[in-house]
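Okay, so here's the structure we're looking at.
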Amino acid sequence: MKILGIETSCDETAASVIRGKGDKLQVLSSVISSQIEVHRKYGGVVPEVAARQHVLNILPVLNESLEKTGIKKDKASKDLDAIAVANGPGLITSLIVGVETAKSLALAWDLPLVGINHIEGHIYSNFLEHAAEIEFPAVVLTVSGGHTMLVLMKDHFSYEILGETRDDAAGEAFDKAAQLLDIGYPGGPVVALKAAEFKKKGRASDIEFPRPMLRNRDFDFSFSGLKTSLLYKIQKDPDWQKRISEYCYGFQEAIVEVLSQKTIRAAREKGAKTVLLSGGVSANTELKGQLQKSVSEKLPRAKFFSPSPEYTTDNAAMVAAAGYYRALHQKTSSWPEVKANCNSELE
Ligand code: KG4
Ligand code: ZN
């Protein structure tokens, strides 16, 4: 089965074609046009600007994805089996570009269409490379710029949300910390880089950040207090600009510890056979390393997987992967039924 995936939820315009047979998935093309440079000067994504960029990019990105796969446009209706599109959550004006493009193609090529929840897409990024090894029940930590969520996945499309952030998402916390420290955009990669510089020096740090909600019995998170804590610390430190890498290190350590410890507790309590990590923040090597280590030490019978770097931040291969499984289980729609919904819930 061949699936075309389309992703335009936020500031990446992406298209991908994957081939699936049973639990064997192969990415035939994955094209991503990032708008990071466009939004950098504003310090964050500007919805109106993002939507206009998607309009400019969507057809060239689609064209490149199909060409790389060798699919001819006049044969696409035969070469492809379904189209999958991320239809929410996200920025509504951005989502509409991808959804309406996907609907037009489904109408023209008479193909079934699948609307994919963006978070479900991130979860399925793990199935691109590890589908045959993933066993249910799985506990999935999805951490991105817009979401932080712990999900119990009992089977395909059977989700129980165990916990969510009550305020900022983990990626958003990284982005806001970088803004306070004035070190660049997006924040996650720069904070991680600075933190690695400090770690390499092998020095101990006396900067201590709180571990929000770590001891709570529930699986919810809260990261906005960390940003406030950083602000108060640098306001009181006249030399903070000389210790930026140390602040980044402490800030990242706090996020990594809370995320990994709560994930391990959820996996233990729910008897997870697999622990999965996904979303843009899964590109963070400290988080990935810590979670992998904790799973092997504390849950030796469980497996741990996370996506390769190119499938951590927003991409369309993850949307196509979720679409493939939905198509495999005959959960497709016809084009009029799929709508963009910025508040779409994972279900
Ligand atoms: O999944 P994604 O591309 O978009 C959303 O669905 O939100 O995630 C983007 C987020 C940003 O907040 C970015 O700072 C964060 O992922 N991120 C990272 C790293 N790379 C990207 N956070 C921490 N460490 C990284 N290496
Ligand atoms: Zn995302």
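The shortest side-chain heavy-atom distance between Ser205 and Glu253 does not fall under the 4.5 Å cut-off. In this structure, the side chains of Lys154 and Phe136 stay at 4.5 Å or more apart for every pair of heavy atoms. Between Cys10 and Val45, the closest side-chain pair of non-hydrogen atoms falls below 4.5 Å. Inter-residue side-chain proximity for Ser308 and Glu129 is flagged as met; some heavy-atom pair is nearer than 4.5 Å. Asn87 places none of its side-chain heavy atoms less than 4.5 Å from the side chain of Leu95. At a threshold of 4.5 Å between non-hydrogen side-chain atoms, the residues Pro212 and Phe221 do not count as touching.
Here the closest heavy-atom approach between residue Ser229 and residue Phe209 is recorded as OG-CD2, 3.6 Å. In plain terms, the two heavy atoms of Ala322 and Glu120 that are nearest each other are CB-CG, 4.2 Å. Across all their heavy atoms, Ser33 and Asn57 have their closest contact at OG-ND2, 3.3 Å. The two residues Val140 and Ser278 come nearest to each other via the heavy atoms CG1-OG, 4.1 Å. Taking every heavy atom of both residues into account, Ser144 and His122 meet most closely at CB-NE2, 4.5 Å. Contact detail for Trp109 and Ser77: the closest heavy-atom pair is O-CB, 3.2 Å.
Ring centroids of Phe157 and His329 are separated by less than 6.0 Å, placing the two rings close together. Taking the centre of each ring, Phe127 and His156 come in below the 6.0 Å mark.
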**Asked** Should Ser30 and Glu310 be marked as a side-chain contact (heavy atoms from CB on, under 4.5 Å) after you check the CA-CA gap, both sets of side-chain angles, and the distance that decides it?
**Response** CA-CA 9 Å; Ser30 176; Glu310 64 267 39; over 6 Å; no
**Request:** Start with the C-alpha distance between Gln53 and Asp11, add both sets of side-chain angles, then the distance that settles side-chain hydrogen bond (donor to acceptor under 3.5 Å, both in side chains), and finish with yes or no.
**Result:** CA-CA 8 Å; Gln53 289 293 316; Asp11 60 337; over 6 Å; no
**Request:** Could you please spell out the steps behind the side-chain hydrogen bond (donor to acceptor under 3.5 Å, both in side chains) verdict for Asp237 and Tyr232?
**Result:** CA-CA 9 Å; Asp237 179 358; Tyr232 289 163; over 6 Å; no
**Item:** salt bridge (charged side-chain N to carboxylate O under 4.0 Å, His left out) assessment of Arg265 paired with Asp218
**Value:** CA-CA 10 Å; Arg265 185 161 61 76; Asp218 58 32; 5.6 Å; no
**Request:** Take Gln290 and Ser260 through the side-chain hydrogen bond (donor to acceptor under 3.5 Å, both in side chains) test and state the conclusion after the steps.
**Result:** CA-CA 7 Å; Gln290 183 58 252; Ser260 38; 4.9 Å; no
**Asked** Which is it for Arg217 and Glu269 under the salt bridge (charged side-chain N to carboxylate O under 4.0 Å, His left out) test, yes or no, and what are the steps along the way?
**Response** CA-CA 11 Å; Arg217 286 301 307 152; Glu269 281 182 23; 2.9 Å; yes
**Prompt:** Can you list the steps and then say if Met149 with Val151 is a side-chain contact (heavy atoms from CB on, under 4.5 Å)?
**Reply:** CA-CA 6 Å; Met149 206 181 254; Val151 177; 3.8 Å; yes
**Request:** Please test Ser9 against Glu7 for side-chain hydrogen bond (donor to acceptor under 3.5 Å, both in side chains), starting from the C-alpha separation and ending with a verdict.
**Result:** CA-CA 6 Å; Ser9 309; Glu7 159 65 50; 2.7 Å; yes
**Request:** Report the C-alpha separation of His118 and Met318 in whole Å, then their side-chain angles, then the decisive distance to 0.1 Å, and conclude whether the side-chain contact (heavy atoms from CB on, under 4.5 Å) test is met.
**Result:** CA-CA 9 Å; His118 181 77; Met318 68 184 199; 3.6 Å; yes
**Request:** For side-chain contact (heavy atoms from CB on, under 4.5 Å), just list the numbers for Val319 and Ile6, CA-CA rounded to whole Å, side-chain angles, deciding distance to a tenth of an Å, and then say yes or no.
**Result:** CA-CA 7 Å; Val319 174; Ile6 296 176; over 6 Å; no
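Under a hydrophobic-cluster definition in which Ile, Leu, Val, Met, Phe, Trp and Tyr are linked whenever side-chain heavy atoms come within less than 4.5 Å, directly or via other members, Ile32 and Ile36 are assigned to different clusters. The same ILVMFWY cluster, assembled from side-chain heavy atoms under 4.5 Å apart, contains both Phe305 and Ile119. Under the 4.5 Å side-chain heavy-atom criterion for ILVMFWY residues, no single connected hydrophobic cluster contains both Ile83 and Ile18. Met213 and Val258 are assigned to two separate hydrophobic clusters, defined by single-linkage of ILVMFWY side chains at heavy-atom distances under 4.5 Å. With hydrophobic clusters built from ILVMFWY side chains whose heavy atoms lie under 4.5 angstrom apart, Phe174 shares a cluster with Leu291.
No donor-acceptor distance shorter than 3.5 angstrom exists from the side chain of Asp168 to the backbone of Ala173, with no hydrogens or angles considered. In this structure a side-chain-to-backbone donor-acceptor pair under 3.5 Å is present from Lys262 to Asp220. In this structure, the side chain of Asn126 engages the main chain of Leu277 through a donor-acceptor pair within 3.5 Å. Between the side chain of Thr8 and the backbone N or O of Gly98, at least one donor-acceptor pair lies under 3.5 Å. Remark: the backbone N or O of Met153 is not paired with any side-chain donor or acceptor of Asp155 at under 3.5 angstrom. For Ser125 (side chain) and Pro307 (main-chain N/O), no donor-acceptor pair under 3.5 Å exists by modelled atom type. A donor-acceptor pair under 3.5 Å is formed between the side chain of Glu172 and the backbone N or O of Ala169. Checked by atom type and distance alone, the side chain of Thr228 pairs as donor or acceptor with a backbone atom of Ser224 at under 3.5 Å. With hydrogens and angles ignored, the 3.5 Å screen pairs a side-chain donor or acceptor of Lys233 with a backbone N or O of Glu208. Of the possible polar contacts, none joining the Ser333 side chain to the Val114 backbone as a donor-acceptor pair under 3.5 Å is found.
For the 3.5 Å distance criterion, the side chains of His147 and Thr142 fail to qualify, holding no donor opposite an acceptor. Side-chain contact check for Thr148 and Glu164: no donor-acceptor pair (N or O, by modelled atom type) lies under 3.5 Å. Inspection of the Glu337 and Ser334 side chains reveals an N or O donor paired with an N or O acceptor under 3.5 Å.
Within a 6.0 Å sphere centred on CD of Glu345, heavy atoms belonging to other residues, nucleotides or ligands number 12 at most. Within a 6.0 Å radius of NZ in Lys201, other residues, nucleotides and ligands contribute more than 12 heavy atoms. The number of heavy atoms from other shown groups lying within 6.0 Å of NZ (Lys303) is above 12.
For the pair Lys2 and Tyr324, the NZ or CZ position fails the cation-pi test of under 6.0 Å to the six-membered ring centre and within 45 degrees of the ring normal.
Separation of atoms CD1 (Ile264) and CZ (Phe304) is listed at 8.5 Å; rounding is to 0.5 Å. The line from CG of Leu193 to OG of Ser245 is 10.5 Å long, rounded to the nearest 0.5 Å.
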